[in-house]
Enquirer: 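Structure provided below as structure tokens; questions to follow.
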Amino acid sequence: MTDSPADATPYEVLGVPATADEETLRRAYRRAARESHPDLGGDAHRFRQVQLAWERIGTPSARRAYDVGSRGSGSGAFGPAGSSDGSARRPGTGRDDYAPPAARRDTRPRARSHGHPGGRSREVFLQAEREWVGLGDPIEDPYDPVLVRSAPRHIRRLLGEALAEEATASIIADMGIGVTVWHDLDAGADGKLDHAVLTPSGLWAVESIDWGAPVHIEHGEIVGETLAPGERPVKELVRAARAVQKQTRVRFTGRLLVVPDSAVEEDVQLVGSPKKPTALVVRRSALGQVLTGVWSPVGSVDVFEIRDRLQQTVRFV
């Protein structure tokens with residue numbers, strides 16, 4: 001359990017309301033542990049989720065700490081940049097885990113960046129949160145962990161998407177001045193494309209997403225228990241990339257779906273034919289390797305020509 005807002009809360013994992021008494025909580029844990037135990041035919045990942053949920057709220061003191069928003073710097077908190085889960089987030093114990101990232105103060109050369117990563121997703125999240133709380137009711141801090149965790153999961157996932165986009169943007173920024181990235185590109189009726197990343201090895205259409213649970217590839221599409229009904233991430237990425245290509249008249253080298261490391265079991269997975277993949281599903285920690293050419297087609301692109309054309313034609317949402 002990572003404390004991504006897209007993740008199920010410990011109460012959701014155990015299938016009880018946050019108001020459940022101690023005995024109800026204990027019974028729910030025992031039932032969930034028995035049903036998910038691998039030795040009894042259960043799912044190992046589900047069993048691990050149940051154990052982590054119990055660690056978070058299984059004792060009165062732990063539950064009180066969780067309910068008031070206190071989080072330690074151990075396995076429950078976001079890891080720092082370069083952490084094993086590729087989160088590229090700063091560690092913390094409160095709203096800073098969810099608030100927009102602060103401006104960088106170091107002077108290291110960064111990738112050229114245009115647009116506002118995660119900006120549109122944050123706008124949609126804030127609007128949905130206001131509607132859920134009640135229009136006209138003041139919200140002192142929309143990123144208060146207690147408030148965020150109490151929101152319905154579909155609203156929390158909107159914030160999770162913004163954080164995922166910002167994490168990708170942070171990784172790309174550290175790739176240096178030889179890289180150019182455009183964020184939140186307007187894809188017309190197909191919504192938006194999260195990122196277009198230009199490197200000497202190619203121009204990549206990139207989506208960043210966090211479903212809060214593992215996913216896998218099936219029949220050329222990403223599937224998982226937490227995807228919304230009818231959600232087809234690969235198809236949506238293809239359509240958004242084609243819309244941007246049509247608008248800018250610049251062809252993408254490939255399409256990437258960037259996911260948290262915990263969502264998939266391999267660093268890079270092909271969707272479609274190996275000779276002509278529809279997209280690559282990439283763990284966040286492996287994104288730099290893909291963008292620097294390890295998975296790129298042989299050859300290179302004219303960076304200056306493509307950058308000039310995109311600068312003249314790209315639109316942002």
Side-chain angles (χ1 to χ4, degrees), residues 2 4-6 78-83 85-92 96-126 143 157-187 191-199 201-211 233 237 240-241 244 252-261 263 279-292 303 306-307 310-311 314-317:
T2 63
S4 163
F78 276 117
S83 63
D85 75 344
S87 62
R89 298 287 300 168
R90 57 194 178 281
D96 285 348
D97 284 334
Y98 297 151
R104 294 178 179 270
R105 296 183 179 180
D106 61 75
T107 58
R108 290 178 296 166
R110 300 286 178 182
R112 297 177 175 88
S113 179
H114 306 277
H116 187 183
R120 179 58 179 165
S121 293
R122 283 190 178 273
E123 289 178 1
V124 175
F125 159 72
L126 292 172
Y143 300 114
R157 189 182 142 182
L158 295 172
L159 178 56
E161 290 182 6
L163 294 171
E165 293 169 33
E166 291 163 5
T168 292
S170 179
I171 292 170
I172 295 170
D174 286 335
M175 293 178 67
I177 200 168
V179 174
T180 306
V181 56
W182 294 262
H183 303 288
D184 274 3
L185 291 79
D186 184 3
K192 74 179 180 78
L193 179 65
D194 290 346
H195 325 272
V197 186
L198 177 61
T199 75
S201 65
L203 176 67
W204 299 90
V206 181
E207 288 285 300
S208 304
I209 198 159
D210 180 1
W211 291 281
L237 169 58
V244 173
F252 286 106
T253 303
R255 312 177 188 97
L256 310 179
L257 272 162
V258 183
V259 301
D261 283 17
L280 302 179
V281 178
V282 181
R283 273 181 163 177
R284 199 175 290 157
S285 61
L287 177 61
Q289 297 177 4
V290 174
L291 292 176
T292 52
V303 171
I306 293 177
R307 187 165 61 209
L310 279 170
Q311 284 293 83
V314 74
R315 297 195 301 263
F316 301 98
V317 294

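In what follows, residues are counted from 1 in the order of the sequence shown. As the structure is a prediction and not an experimental result, all values here were calculated from the model.
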Enquirer: Ignoring hydrogens, what is the shortest heavy-atom contact between Ala241 and Ala205? Give both atom names and the distance.
Expert: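 That would be CB-CB, 3.8 Å.
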Enquirer: Starting from the C-alpha separation in whole Å, work towards a yes-or-no answer on side-chain contact (heavy atoms from CB on, under 4.5 Å) for Ser208 and His183.
Expert: CA-CA 11 Å; Ser208 304; His183 303 288; over 6 Å; no
Enquirer: Ignoring hydrogens, what is the shortest heavy-atom contact between Val317 and Gly191? Give both atom names and the distance.
Expert: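 Nearest heavy atoms, Val317 then Gly191: CG1-O, 4.2 Å.
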Enquirer: With side-chain contact (heavy atoms from CB on, under 4.5 Å) as the criterion, how do Trp182 and Gln311 come out once you've worked through the C-alpha distance, each side chain's angles and the decisive distance to 0.1 Å?
Expert: CA-CA 9 Å; Trp182 294 262; Gln311 284 293 83; 2.7 Å; yes
Enquirer: Are any of the side-chain heavy atoms of Glu166 and Arg122 separated by less than 4.5 Å?
Expert: yes
Enquirer: Kindly determine whether Glu161 and Phe125 satisfy side-chain contact (heavy atoms from CB on, under 4.5 Å), including the steps that lead there.
Expert: CA-CA 9 Å; Glu161 290 182 6; Phe125 159 72; over 6 Å; no
Enquirer: To the nearest 0.5 Å, how far apart are CH2 in Trp204 and CG in Leu280?
Expert: 6.0 Å
Enquirer: How far apart are the C-alpha atoms of Thr199 and Thr292, what are their side-chain angles, what is the distance that settles it, and do they pass the side-chain contact (heavy atoms from CB on, under 4.5 Å) test?
Expert: CA-CA 7 Å; Thr199 75; Thr292 52; over 6 Å; no
Enquirer: So do the side chains of Glu207 and Leu193 get within less than 4.5 Å of each other, counting heavy atoms only?
Expert: yes
Enquirer: For the backbone of Arg157 and the side chain of Asp210, can you confirm whether one donor and one acceptor N or O come within less than 3.5 Å of each other?
Expert: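 Checked: no pair found.
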Enquirer: Can you tell me how far apart NE2 (His195) and CD1 (Ile172) are? Round to the nearest 0.5 Å.
Expert: 6.0 Å
Enquirer: Considering the options Val282, Val206, Asp194, Leu237, which one meets the side-chain contact (heavy atoms from CB on, under 4.5 Å) requirement together with Leu257?
Expert: Leu237
Enquirer: Please check if atom CZ in Arg255 has more than 12 non-hydrogen atoms from other residues, nucleotides or ligands closer than 6.0 Å.
Expert: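 Yes, the 6.0 Å shell around CZ holds more than 12 heavy atoms from other groups.
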Enquirer: Can you tell me how far the CG atom of Asp261 sits from the CZ atom of Arg283, to the nearest 0.5 Å?
Expert: 5.0 Å
Enquirer: Is the backbone of Leu158 close enough, under 3.5 Å, to the side chain of Ser121 for a donor and an acceptor to pair up by distance?
Expert: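 Not at all, since once roles are kept as given, no pair shorter than 3.5 Å links the two residues.
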Enquirer: Could you give the distance from OG1 (Thr180) to CG (Leu310), rounded to the nearest 0.5 Å?
Expert: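 Nearest 0.5 Å value for the OG1-CG distance: 9.0 Å.
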Enquirer: Taking side-chain contact (heavy atoms from CB on, under 4.5 Å) as the criterion, tell me which of Leu291, Val281, Val197 meets it with Leu256.
Expert: Leu291
Enquirer: If every non-hydrogen atom of Gly288 is compared with every non-hydrogen atom of Met175, which pair is closest and at what distance?
Expert: O-CE, 4.3 Å
Enquirer: Would you mind reporting whether His116 and Phe316 have side-chain heavy atoms less than 4.5 Å apart?
Expert: no
Enquirer: Answer yes or no: is there a side-chain heavy-atom contact under 4.5 Å between Ile177 and Arg112?
Expert: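 Counting from C-beta outward, Ile177 and Arg112 do come under 4.5 Å.
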Enquirer: So do Val258 and Ile171 actually touch side chain to side chain, heavy atoms under 4.5 Å?
Expert: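 The answer is no; the side chains never approach within 4.5 Å.
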Enquirer: If every non-hydrogen atom of Pro5 is compared with every non-hydrogen atom of Tyr98, which pair is closest and at what distance?
Expert: CD-CE2, 3.6 Å
